[in-house]
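Counting starts at 1 for both ligands and their atoms, following the listed order. Side-chain atoms are counted along with the backbone in the values below, which use heavy atoms only and exclude waters and symmetry mates.
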Amino acid sequence: MTLQIPASMLPADGRFGAGPSKVRTGQVDALVAAGDPARPVLGTSHRQAPVKDLVRRVRTGLTELFALPDGYEVALGNGGSTAFWEVATASLVRHRAQHAVFGEFGGKFAAATARAPFLAAPEVVEAAPGGVAYLTPSDAVDVYATPHNETSTGAMAPVRRPAGDALVLTDATSGAGALPVDLHETDVYYFGPQKAFAADGGLWLALLSPAAVARAAEVEAAGDGRWVPEFLSLTTALDNSRKDQTLNTPAVGTLVMLADQVEWLLEHGGLDWSVRRCERSAEHLYGWAADRDWATPFVADPAERSTVVGTIDLDETIDASAVVGHLRANGVYDVFPYRKLGRNQLRVGMFPAVDPDDVAALTACVDHVVARLA
Ligand SMILES: *Cc1c(COP(=O)(O)O)cnc(C)c1O
């Protein structure tokens, strides 16, 4: 039996997934335009001007959005952030990495460098889910790696460079475009298109400092016996990116939606605007939870509560998965917690494409469902 939520209470758009996340109608319109047989982009060669122009728009748009410091470059390739972990393992870590792990995604990158036969076992700084592990200065590592936003738990960490000259790699898959960042504080800020950029998955994008570019060249030329497959070579990806292309065929539709979202963010006021918009959604969500004795923000420290992916534990007397199910049946999607976290929880994607008013409508819908389940 499904509860009926009154139509007047429902959000205008019911997509609150943590990735893939809401795609704006404007992006879908851009796709339709790109498929127009009079001026086709979709279904045409990725080595010709129309698709290269899309890649150029993405690269110049990201340069502006992130106020790229002098000498930094935008690289991209196929395979998503998961592939980028392997790229970084093969092309950026000289000997040993340090990983901040406070959830699934940070843990996956740590597992990648731990498996590499040519690297020493990584240093791992760990915090239990719901907290944040902070990078710790170490003379024994040449790469520091941390998530900007741990999508599996809803905890965020400021981007800060530890003392020393090890490279800093920031997994900004769900934070980029929604959380504040000063790129001087990191050497590699990498992400995918399917979270704050509201497009589809499948690509990785990386903002690279001159030190990161130099490191990749050094590591790949070192002849230390490691095999760097062409697909995992950051220098190869960068060579292609400089020509506004990818090593192999990209999903053109993803590029269309990504370019449109980057420009939409810029038109509305850029990163500051996006950060504030997500903060407004988050203030509402966490404030709502604080006002209910059956809802508690999962992340204990308010400063570590993500303003882009919010996690709210429900009292054990309320079955969160039933709430999620009733919401979905009413067109309110994907507020389930990260699978492996296994908590009685709601997780809400509050990416810039999501209207803060819709987050308010979502919490009203949760109230409605919870009152009727009781
Ligand atoms: C979604 C996500 C990933 C994985 O991205 P894919 O593109 O699916 O590989 C990695 N890290 C974080 C922080 C994420 O949110």
Side-chain angles (χ1 to χ4, degrees), residues 15-23 58 75-90 92 97 99-113 126-127 129-133 135 144-159 168-179 181 186 188-207 231-232 237 246 250-251 253-255 257-258 261 278 298-299 304-311 334-341 347-354:
R15 288 173 285 186
F16 298 97
S21 61
K22 176 185 167 186
V23 177
V58 167
L76 70 166
N78 282 312
S81 294
T82 301
F84 193 80
W85 293 326
E86 310 298 350
V87 170
T89 299
L92 288 172
H99 296 268
V101 175
F102 47 100
E104 279 295 319
F105 291 109
K108 285 182 177 182
F109 188 14
T113 67
E126 207 162 355
V132 168
L135 295 170
Y144 292 108
T146 181
H148 193 184
N149 188 72
E150 182 44 86
T151 321
S152 68
T153 67
M156 64 178 185
V159 178
V168 181
L169 276 52
T170 307
D171 179 354
T173 308
S174 60
L179 299 185
V181 64
T186 185
V188 183
Y189 192 72
Y190 63 93
F191 49 93
Q194 75 273 30
K195 308 221 172 155
F197 294 100
D200 265 332
L203 277 182
W204 58 259
L205 297 117
L207 313 180
F231 193 66
L232 302 184
T246 44
T254 301
L255 288 169
M257 291 191 286
L258 171 59
Q261 179 72 352
C278 298
F298 173 48
V299 176
E304 294 175 347
R305 283 176 197 156
S306 172
T307 53
V308 64
V309 176
T311 45
D334 299 342
V335 293
F336 45 77
Y338 190 74
R339 186 172 29 98
K340 286 196 209 147
L341 197 58
R347 181 175 58 154
V348 181
M350 302 175 287
F351 296 107
V354 173

If we number the atoms of ligand 1 from 1 as shown, the ones under 4.0 Å from a heavy atom of Thr151 are 12 (C), 13 (C), 14 (C), 15 (O)

Do you know the tightest heavy-atom contact between Ser152 and Leu341? O-CD2, 3.3 Å

So which bit of Ser81 gets within less than 4.0 Å of ligand 1, heavy atoms only: side chain, backbone, both or neither? both

Heavy atoms of Met350 and Gly310 approach each other most closely as CE-N, 3.5 Å

Check ligand 1 against Asn149 and write out every atom of the ligand that is under 4.0 Å from a heavy-atom position of the residue. 13 (C)

What atoms of ligand 1 come within less than 4.0 Å of a heavy atom belonging to Ser174? 15 (O)

Per-residue contact class, Glu150 against ligand 1 - non-hydrogen pairs under 4.0 Å: neither

Which one holds for Gln194 and ligand 1: side chain close, backbone close, both close, or neither close, with close meaning a heavy atom under 4.0 Å? side chain

Please identify which atoms of ligand 1 are closer than 4.0 Å to at least one heavy atom of Trp85. 10 (C), 11 (N)

At less than 4.0 angstrom from any non-hydrogen atom of Lys195, what atoms of ligand 1 do you find? 1 (C), 2 (C), 3 (C), 14 (C), 15 (O)

Mutual orientation of the aromatic rings belonging to Trp85 and Phe105 [parallel < 30°, tilted 30-60°, perpendicular > 60°]: tilted

Have a look at Phe109, Phe105, Phe84 and point out the one with the heavy atom closest to atom 10 (C) of ligand 1. Phe105

Of the protein's non-hydrogen atoms, which lies at the shortest distance from atom 9 (O) of ligand 1, and what is that distance? Thr82 OG1, 2.5 Å

Could you check which of Asp200, Thr173, Thr170 puts a non-hydrogen atom nearest to atom 12 (C) of ligand 1? Thr173

So do the side chains of Phe102 and Thr146 get within less than 4.5 Å of each other, counting heavy atoms only? yes

Does any N or O atom in Asp171 lie less than 3.5 angstrom from one in ligand 1, N or O only? yes

Has Gly192 got any heavy atom lying under 4.0 angstrom from an atom of ligand 1? no

Shortest non-hydrogen pair, Val101 vs Ala133, comes out as O-CB, 3.7 Å

Of all the heavy-atom pairs spanning Asp200 and Thr254, show the shortest one and how long it is. O-CG2, 3.2 Å

Validation row: Phe231, Glu86 side chains within 4.5 angstrom (heavy atoms): no

Between Leu203 and Pro193 the two heavy atoms that sit nearest each other are O-CD, 3.5 Å

Looking at every heavy atom in both Leu92 and Phe84, which two are closest together, and how far apart are they? CD1-CZ, 4.4 Å

